[in-house]
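Read the structure below first, then the notes.
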Amino acid sequence: MLRSYQFSLLIGFVLPKDPSYAAFHDEEWGVPVHDDKKLFELLSLCTALAELSWPTILSKRHMFREVFQNFDPVAVSKLNEKKIAPPGSPASTLLSEVKLRAVIENARQTCKIIHELGSFDKYIWGFVNNKPVVSQFRYARQVPMKTSKAEVISKDLVKRGFRGVGPTVVYSFMQVAGITNDHLISCFRFHDCVAAGAGTEKDDGLAAKTEVKQQLKDETEMGLIRAIDDFNLST
């Protein structure tokens with residue numbers, strides 16, 4: 001099995017013999033994510049790539065989760081960077097004050113999107129019509145560092161007040177969150193992620209059909225109730 005040589009190139013280092021890194025590729029990278037907390041976590045970790053490498057981030061992932069309240073955007077939005085980042089604190093050993101402020105501000109903006117649209121998932125997946133982009137690259141050199149779609153998303157995020165979300169960061173986020181499948185077609189994870197994306201679409205479609213059926217059932221029941229009421233009133 002080819003274990004993503006292109007993955008190592010994309011994040012700027014030679015693939016290490018690191019179990020957590022290998023598991024990250026084999027279990028997470030490229031799998032479509034629709035949970036708001038998980039999406040916020042991955043966006044935050046991608047923002048951290050400006051200062052850290054993936055192996056470093058993954059080795060300290062437990063610390064990131066502890067400092068950032070398991071990446072609950074509501075909880076993070078209430079953090080005070082001056083209180084959590086004094087010299088020698090766990091937060092200060094993870095990121096610079098600038099990046100810490102960025103994560104907290106991004107949490108606030110994420111909460112605004114959730115309040116506006118119902119979920120961050122709906123917002124971010126709306127850019128690709130709720131379907132993962134399947135690249136089907138054969139060679140690592142074909143995989144871009146950013147795309148026009150990443151630039152569009154980046155501009156909208158910045159417009160909304162997000163920080164540290166340039167096109168390259170956004171594209172890294174799209175890759176890890178499965179919004180785009182950039183596993184090479186020769187990688188054993190390529191088809192797994194394609195199947196995961198198709199399964200998500202199928203589940204969403206089933207949920208939508210179920211919701212419509214329930215709505216029709218409710219409307220039918222309400223119609224019967226009105227008919228009975230009208231009959232009683234006329235008798």
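These numbers come from the heavy atoms of this one structure, side chains and all, not from hydrogens, waters or symmetry mates.
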Considering all heavy atoms, the nearest Gly178-Pro132 contact
O-CB, 3.5 Å
Taking salt bridge (Lys or Arg N to Asp or Glu O under 4.0 Å) as the definition, give me every residue that meets it alongside Asp35, ordered by chain and number, with sequence neighbours left out.
none
Can you list the residues that meet the side chain to side chain contact (heavy atoms under 4.5 Å, CB included) rule with Cys111, with sequence neighbours excluded?
Pro73, Val74, Ser77
Please report, to 0.1 Å, the donor-acceptor pairs under 3.5 Å made by any side chain of residues 112-122, with sequence neighbours excluded.
{"residue": "Glu116", "atom": "OE1", "partner": "Arg160", "partner atom": "NH1", "Å": "3.0"}
{"residue": "Ser119", "atom": "OG", "partner": "Lys122", "partner atom": "N", "Å": "2.9"}
{"residue": "Asp121", "atom": "OD1", "partner": "His34", "partner atom": "ND1", "Å": "2.6"}

According to a hydrophobic-cluster definition based on side-chain heavy atoms being under 4.5 Å apart (Ile, Leu, Val, Met, Phe, Trp, Tyr only), do Met63 and Tyr21 belong together?
yes
What residues form a salt bridge (Lys or Arg N to Asp or Glu O under 4.0 Å) with Lys38, not counting sequence neighbours?
Glu28
Heavy atoms only: give me the nearest Ser92-Pro87 pair and the separation to one decimal.
OG-C, 4.1 Å
Check for me, please, whether Val176 and Val31 land in the same ILVMFWY cluster - side-chain distances under 4.5 Å, paths through other members count.
no
Report the distance from atom CD1 of Ile153 to atom CD1 of Ile179, rounding to the nearest 0.5 Å.
6.0 Å
Is the backbone of Val133 close enough, under 3.5 Å, to the side chain of Asn181 for a donor and an acceptor to pair up by distance?
no
Give, for atom CD of Gln109 and atom CZ of Phe162, the distance between the pair rounded to the nearest 0.5 Å.
6.0 Å
Rounded distance (nearest 0.5 Å) linking atom OG1 of Thr110 with atom CG of Asp36
8.5 Å
Students should find that the hydrophobic cluster of Ile185, defined by side-chain heavy atoms under 4.5 Å apart, otherwise consists of Val134, Phe190, Val194
Smallest separation among heavy atoms of Phe40 and Ala107, with atom names:
CZ-CB, 3.4 Å
How are the rings of His183 and His25 set relative to one another: parallel (under 30°), tilted (30 to 60°) or perpendicular (over 60°)?
perpendicular
Using the salt bridge (charged side-chain N to carboxylate O under 4.0 Å, His left out) rule, collect all pairs that involve residues 102-111, keeping only residues at least two apart or in two chains.
Glu105-Arg108
One should read off an interatomic distance between Ile84 CD1 and Arg101 CZ, to the nearest 0.5 angstrom, of 11.5 Å
When you measure from the side chain of Ser135 to the backbone of Asp182, do you find a donor-acceptor pair of N or O atoms at a distance under 3.5 Å?
no
How long is the span from the CG atom in Asp26 to the SG atom in Cys187, to the nearest 0.5 Å?
7.5 Å
Strictly distance-based, threshold 3.5 Å: is any side-chain N or O of Glu51 a donor or acceptor partner for the main-chain N or O of Ser96?
yes
Establish, yes or no, whether the cationic atom of Arg61 lies under 6.0 Å from the six-membered ring centre of Phe64 and within 45° of the ring axis.
no
So, do Trp29 and Gln175 sit near enough that their side-chain heavy atoms are less than 4.5 Å apart?
yes
Sort and list the pairs that fulfil side-chain hydrogen bond (donor to acceptor under 3.5 Å, both in side chains) and have at least one residue in residues 62-75, not counting sequence neighbours.
Glu41-Arg65
Using side chain to side chain contact (heavy atoms under 4.5 Å, CB included) as the criterion, list what pairs up with Val152, not counting sequence neighbours.
Phe127
Are Phe24 and Trp54 close enough that their ring centres sit under 6.0 Å apart?
yes
Under the side-chain hydrogen bond (donor to acceptor under 3.5 Å, both in side chains) test, residues paired with Glu151 that sit two or more places apart
none
Check: Ser172 side chain, Cys46 main-chain N or O, donor-acceptor pair, under 3.5 Å:
no
Quick test of your reading of the model: are Asp192 and Arg189 salt-bridged, counting only N-O distances below 4.0 Å?
yes
List the atom of Ala91, the atom of Val67, and the distance in Å for their closest heavy-atom pair.
CB-CG1, 3.7 Å
Residue pair Val165, Asn106: steps toward the side-chain contact (heavy atoms from CB on, under 4.5 Å) verdict:
CA-CA 9 Å; Val165 288; Asn106 291 350; 4.3 Å; yes
I'd like to check Lys99 versus Leu94 (side-chain heavy atoms, cut-off strictly below 4.5 Å). Are they in contact?
no
Smallest heavy-atom separation, Val76 atom then Val103 atom, equals CG1-O, 4.1 Å
Those residues at least two apart in sequence (or on a different chain) that pass side chain to side chain contact (heavy atoms under 4.5 Å, CB included) with Glu27 are Ala23
Looking only at heavy atoms, which two atoms of Ala177 and Trp125 are closest? And how far apart?
O-CZ2, 3.9 Å
Given the rule that I, L, V, M, F, W and Y join up when any side-chain heavy atoms are under 4.5 Å apart, are Leu100 and Val169 in one cluster?
no
Under a 4.5 Å side-chain heavy-atom rule over Ile, Leu, Val, Met, Phe, Trp and Tyr, are Val128 and Ile124 clustered together?
yes
By side chain to side chain contact (heavy atoms under 4.5 Å, CB included), which residues pair with Asn80, not counting sequence neighbours?
Lys82, Lys83
Is a side-chain donor-acceptor pair under 3.5 Å present for Ser53 with Thr56?
yes
Taking the side chain as every heavy atom from C-beta outward, state whether Gln142 and Arg138 have any atom pair closer than 4.5 Å.
yes
ring-ring contact (aromatic ring centres under 6.0 Å, His included) partners of Phe173, counting only residues at least two apart:
none
Tell me whether Met174 is reachable from Val158 by hopping between hydrophobic residues (I, L, V, M, F, W, Y) whose side-chain heavy atoms are closer than 4.5 Å.
yes
